*Asks:* 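Take a look at this one; I'll ask things after.
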There are 2 protein chains.
Amino acid sequence: MTQKKPVKSKKSDLTRAAILAAARELFTSQGFDHTTVRDVAAKAKIDPAMVIRYFGSKDELFALAVEFDLRLPDLSKVPRDAVGATLAAHYFGLWEGENRNHGLPLLMRSAASNEFAAAKMREMFGKQVAPAIAALVGPAQAAACAGLVASQLLGMAFCRHIIKLPPAVAMPRDAMIKALGQTIQNYMLPRGIKPSEP
Amino acid sequence: MTQKKPVKSKKSDLTRAAILAAARELFTSQGFDHTTVRDVAAKAKIDPAMVIRYFGSKDELFALAVEFDLRLPDLSKVPRDAVGATLAAHYFGLWEGENRNHGLPLLMRSAASNEFAAAKMREMFGKQVAPAIAALVGPAQAAACAGLVASQLLGMAFCRHIIKLPPAVAMPRDAMIKALGQTIQNYMLPRGIKPSEP
DNA sequence: GTCTATAATTCGATAGAC
DNA sequence: GTCTATCGAATTATAGAC
């Protein structure tokens, strides 16, 4: 008797997870092009052929490695004058908090030279970030506001965590959150103008 | 009679320049890894072997392709309350002005996934940007200020020109210069505090 | 499911004729 | 200076034994 869907497939799942974790680490530290299927297999302690067997190709493995959820807070529940600080703090939690085994560093590092990653970043921004901002500042100013906020937050990530520019690395976390929070607050809700105003 | 250093070596220089220009274009659009010596040779309409003969190796060719001068204005000659706008305008001139055949787009695109390019960017920042800022705001606040300014300017370049995030691309140049100028001004000279104050 | 062996490309760089 | 021919190494992906 054949089982269509076995209830237990522990080993397979563990192997899959090990491959994916190894791939994400190596893609992040070495980039897509300089990470070989052999490297991933070695780190996951399995045979290179298994990587292809489980994921089909190197490209499909990469596509799964960059998938993740930003878990943005609900900005409508945040005091209006604390929106900037909240976003800045959330962003640093993503980069320097306890749970950092997500795909953001990989996506950020890859997006500049990998069109698939760039497209993924635009998609994530459109689906997760833009709506949250539009709901707060209204549709008229949403685009410009979102572009400015993204440029500041991604820019700090680029300087501090990707290329490791010394002054950006040296800056204390609190000072940075304060400075970025003020900037973002000003981009989103300048001078207390209500979003519904003309 | 042999000439040690011929006064005229037009052809060689033209070939070198053609190779370098082709390399910069291809490295920028395809990235270092996906640009082959054969690609560069084809674009420059010469033999692939000549690329190596003229530049030694692909790595050395890349090193020359990323070399350039930011040509920052002398900030000491700019009114203090116009420093932010001046820097923002200069930055956009680099990215969207008439003379764009420099290495900045290539450096920016490569730095995230190429350690050599990242080091070059840190070096350029340290030699060209940091001193200009330090001379204006004083040594005490120079590092933090430089890190913040860099994060905002590089972040907009990343969003608007590298990954082409729709809201950042759509924003009119004037509106962006105004917004970034205000932010930079605030990072550099907040509330009119003089740089020499404790 | 797992591994060995290798197919099929592709690339950077070199040797040597002219 | 320039081109032809090719080396040697590395890569993804597959075929097939066990």
Side-chain angles (χ1 to χ4, degrees), chain A residues 1-20 22-24 26-27 29-66 110 113-117, chain B residues 1-27 29-66 110 113-117:
Chain A
M1 185 187 289
T2 59
Q3 287 180 310
K4 286 181 183 175
K5 290 209 172 186
V7 181
K8 295 181 180 180
S9 58
K10 261 189 175 178
K11 185 132 181 235
S12 292
D13 291 347
L14 287 177
T15 303
R16 258 189 85 89
I19 296 174
L20 195 56
R24 184 170 277 172
L26 290 174
F27 282 145
S29 62
Q30 306 179 350
F32 177 81
D33 293 310
H34 290 124
T35 299
T36 69
V37 174
R38 286 168 172 78
D39 291 339
V40 174
K43 195 173 188 79
K45 293 176 182 173
I46 49 104
D47 190 88
M50 302 310 298
V51 176
I52 302 298
R53 179 175 179 85
Y54 273 88
F55 291 90
S57 71
K58 185 184 174 182
D59 285 337
E60 293 174 79
L61 177 59
F62 182 76
L64 290 179
V66 297
S110 306
S113 56
N114 180 317
E115 177 51 29
F116 176 84
Chain B
M1 186 187 288
T2 58
Q3 289 181 310
K4 285 181 182 175
K5 288 210 171 185
V7 181
K8 295 183 180 181
S9 58
K10 263 190 175 178
K11 185 123 181 247
S12 292
D13 290 347
L14 286 178
T15 303
R16 260 188 84 89
I19 295 174
L20 195 56
R24 184 171 276 172
E25 263 189 68
L26 290 173
F27 282 146
S29 61
Q30 305 179 352
F32 178 81
D33 293 311
H34 290 122
T35 299
T36 69
V37 172
R38 287 167 173 80
D39 291 339
V40 174
K43 196 173 187 80
K45 294 177 180 172
I46 50 103
D47 191 90
M50 301 311 297
V51 176
I52 302 299
R53 180 173 179 86
Y54 273 87
F55 291 90
S57 71
K58 186 184 174 183
D59 285 337
E60 293 174 81
L61 176 59
F62 182 77
L64 290 178
V66 297
S110 306
S113 56
N114 181 318
E115 177 51 29
F116 176 84

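Chain A is the first sequence line, chain B the second, and so forth, proteins listed ahead of strands; every chain is numbered from 1. What you see is a predicted model, and the numbers here were worked out from it, not measured in a lab. Quick note: numbers below take in every heavy atom, side chains included, and nothing from hydrogens, waters or symmetry partners.
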*Asks:* Within this structure, what is the CG-to-C1' distance between A/Leu14 and C/dT2, rounded to whole angstrom?
*Replies:* 16 Å

*Asks:* Send over the distance from A/Asp33 CG to C/dC11 P, rounded to a whole Å.
*Replies:* 12 Å

*Asks:* Does any non-hydrogen side-chain atom of B/Ile46 lie less than 4.5 Å from one of B/Arg53?
*Replies:* no

*Asks:* Does the A/Arg24 side chain pair with the main chain of A/Val66, one donor and one acceptor, at a distance under 3.5 Å?
*Replies:* no

*Asks:* Taking A/Leu26's backbone N and O only, do any of them form a donor-acceptor pair with A/Thr35's side chain (distance below 3.5 Å, no angle check)?
*Replies:* yes

*Asks:* side-chain contact (heavy atoms from CB on, under 4.5 Å) between A/Phe27 and A/Lys58: does it pass, once the steps are laid out?
*Replies:* CA-CA 11 Å; A/Phe27 282 145; A/Lys58 185 184 174 182; 4.1 Å; yes

*Asks:* May I have the distance from B/Leu61 (atom CG) to C/dC11 (atom P), rounded to whole angstrom?
*Replies:* 16 Å

*Asks:* Which ones in residues 45-60 of chain B lie close to DNA chain C, meaning a heavy atom under 4.0 Å from one of its atoms?
*Replies:* B/Ala49, B/Ile52, B/Ser57, B/Lys58

*Asks:* Could you give the CZ-to-C1' distance, from B/Arg38 to C/dG12, as a whole number of Å?
*Replies:* 7 Å

*Asks:* Look at the side chain of B/Lys43 and the backbone N and O of B/Glu25, then say whether any donor-acceptor pair between them is shorter than 3.5 Å.
*Replies:* no

*Asks:* Between P on C/dG12 and CG on B/Leu26, what's the gap in Å once rounded to a whole number?
*Replies:* 12 Å

*Asks:* Is A/Ser110 close to A/Phe62 at the side-chain level, that is, under 4.5 Å between some pair of heavy atoms?
*Replies:* yes

